[in-house]
Asks: 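So that we are looking at the same thing, I have put the structure below in structure tokens.
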Amino acid sequence: MFKPSAQQFTTVIRLKHRVDATVNGTPALTYADADPAVHFCEFKPFYGAEALQAGQLGILSGGTLTMWFTPGAKPGDRILLNDDPTQAYEVTSTENVENRSMYLVLKVKRAVNA
């Protein structure tokens, strides 16, 4: 059975759900707080790299979050690490560990322009 490490769930995050809306015929993405919005998790960064995208130098970083199960978390949502809006990560995948609805493992990535 899956069991997180002893230093578990000490990082504060804010979960924001993606809301797709159309404003004047143009899609506009906004993010609204989940209910509840603040969660505790274990965050493990796993890579960082420089990348050229559309002719601009950027920095890509990613990580893995392990947290208690939250049924509303899905890819496309946004995670604010330590409840800081400057450290916003996008959820790329979610995993309900062993389909037991006990732990949730999220893969996240962050792109920052250099």
Side-chain angles (χ1 to χ4, degrees):
M1 182 175 146
F2 176 82
K3 183 177 178 186
S5 65
Q7 297 289 330
Q8 67 179 359
F9 308 152
T10 56
T11 304
V12 178
I13 61 167
R14 178 175 294 272
L15 177 63
K16 292 184 164 276
H17 292 308
R18 180 179 174 163
V19 178
D20 296 322
T22 304
V23 177
N24 295 330
T26 306
L29 294 178
T30 58
Y31 293 91
D33 282 342
D35 183 31
V38 177
H39 298 277
F40 290 90
C41 73
E42 178 184 23
F43 178 73
K44 292 181 181 176
F46 62 81
Y47 70 86
E50 292 181 352
L52 281 174
Q53 183 174 2
Q56 290 187 334
L57 181 63
I59 300 169
L60 296 173
S61 63
T64 303
L65 293 167
T66 304
M67 58 189 279
W68 293 111
F69 181 77
T70 302
K74 59 190 177 300
D77 288 349
R78 185 170 277 183
I79 300 287
L80 302 181
L81 189 61
N82 293 324
D83 203 8
D84 181 6
T86 63
Q87 295 188 14
Y89 287 81
E90 181 183 349
V91 177
T92 57
S93 70
T94 60
E95 178 189 357
N96 180 2
V97 178
E98 297 177 359
N99 290 326
R100 299 185 72 176
S101 299
M102 188 173 187
Y103 297 110
L104 193 63
V105 176
L106 305 175
K107 302 285 185 188
V108 295
K109 71 174 180 177
R110 178 175 178 227
V112 179
N113 291 334

Asks: After noting the C-alpha distance and the side-chain angles of Val97 and Met102, does the key distance pass the side chain to side chain contact (heavy atoms under 4.5 Å, CB included) rule?
Replies: CA-CA 7 Å; Val97 178; Met102 188 173 187; over 6 Å; no
Asks: What heavy-atom pair brings Ser101 and Asn96 nearest, and what distance separates the two atoms?
Replies: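 Shortest heavy-atom separation between Ser101 and Asn96 comes out as N-OD1, 3.0 Å.
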Asks: Quick one: does Pro27's side chain get under 4.5 Å of Asp20's, heavy atoms only?
Replies: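 Counting from C-beta outward, Pro27 and Asp20 never come under 4.5 Å.
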Asks: If you take all heavy atoms of Ser93 and Pro75, which pair is closest and at what distance?
Replies: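 Nearest pair, atom of Ser93 first, then Pro75: CA-CG, 4.2 Å.
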Asks: Distance check, rounded to the nearest 0.5 Å: Thr11 atom OG1 versus Leu65 atom CG?
Replies: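 Interatomic distance, Thr11 OG1 to Leu65 CG, rounded to 0.5 Å: 8.0 Å.
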Asks: Which pairs count as ring-ring contact (aromatic ring centres under 6.0 Å, His included) when at least one residue sits in residues 49-100, sequence neighbours excluded?
Replies: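 Found Phe9-Trp68, Phe43-Tyr89, Trp68-Tyr103.
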Asks: Please give me the minimum heavy-atom distance between Arg78 and Ala88, naming the atom from each residue.
Replies: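 Where Arg78 meets Ala88 most closely, the heavy atoms are CD-CB, 3.7 Å.
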Asks: Any heavy-atom pair between the side chains of Val105 and Thr94 that's under 4.5 Å?
Replies: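 Side-chain contact under 4.5 Å: no.
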Asks: With the side chain counted from C-beta on, respond yes when Ile13 and Met67 share a heavy-atom pair under 4.5 Å apart, and no when they do not.
Replies: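 They are in side-chain contact.
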Asks: Where is the tightest heavy-atom contact between His17 and Ala34, given as atom of each residue plus distance?
Replies: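 Heavy atoms only, the tightest pair is NE2-CB, 3.3 Å.
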Asks: Please report the closest heavy-atom contact between Leu106 and Ala73, naming both atoms and the distance.
Replies: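 Heavy atoms only, the tightest pair is CD2-CB, 4.4 Å.
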Asks: Taking salt bridge (Lys or Arg N to Asp or Glu O under 4.0 Å) as the test, write out the residues that go with Lys74, two or more places apart.
Replies: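 Expected list: Asp77.
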Asks: Nearest heavy-atom pair of Val12 and Val38: which atoms, and what distance?
Replies: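 Closest approach of Val12 to Val38: CG1-CG1, 3.7 Å.
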Asks: In this structure, would Leu15 and Phe40 fall into the same cluster of hydrophobic residues linked by side-chain contacts under 4.5 Å?
Replies: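 No; tracing contacts between hydrophobic side chains, which count when under 4.5 Å, never links both residues.
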Asks: Give, for atom CZ of Arg18 and atom OH of Tyr31, the distance between the pair rounded to the nearest 0.5 Å.
Replies: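 Atom-to-atom, Arg18:CZ and Tyr31:OH are 5.5 Å apart.
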Asks: Rounded to the nearest 0.5 Å, how far does CG of Leu80 lie from CD of Gln87?
Replies: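 Interatomic distance, Gln87 CD to Leu80 CG, rounded to 0.5 Å: 9.5 Å.
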Asks: Quick one: side chain to side chain donor-acceptor pair (under 3.5 Å) partners of Asp33, sequence neighbours excluded?
Replies: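 Residues passing side chain to side chain donor-acceptor pair (under 3.5 Å) with Asp33: Arg14, Lys16.
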Asks: Hey, could you give me the CG/CZ distance between Leu60 and Arg110, rounded to the nearest 0.5 Å?
Replies: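 Between Leu60 CG and Arg110 CZ, I get 11.0 Å after rounding to 0.5 Å.
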Asks: Check for a donor-acceptor pair, side chain of Asp84 on one end and backbone N or O of Thr86 on the other, with a separation under 3.5 Å.
Replies: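 Between the backbone of Thr86 and the side chain of Asp84 there is a qualifying donor-acceptor contact (under 3.5 Å).
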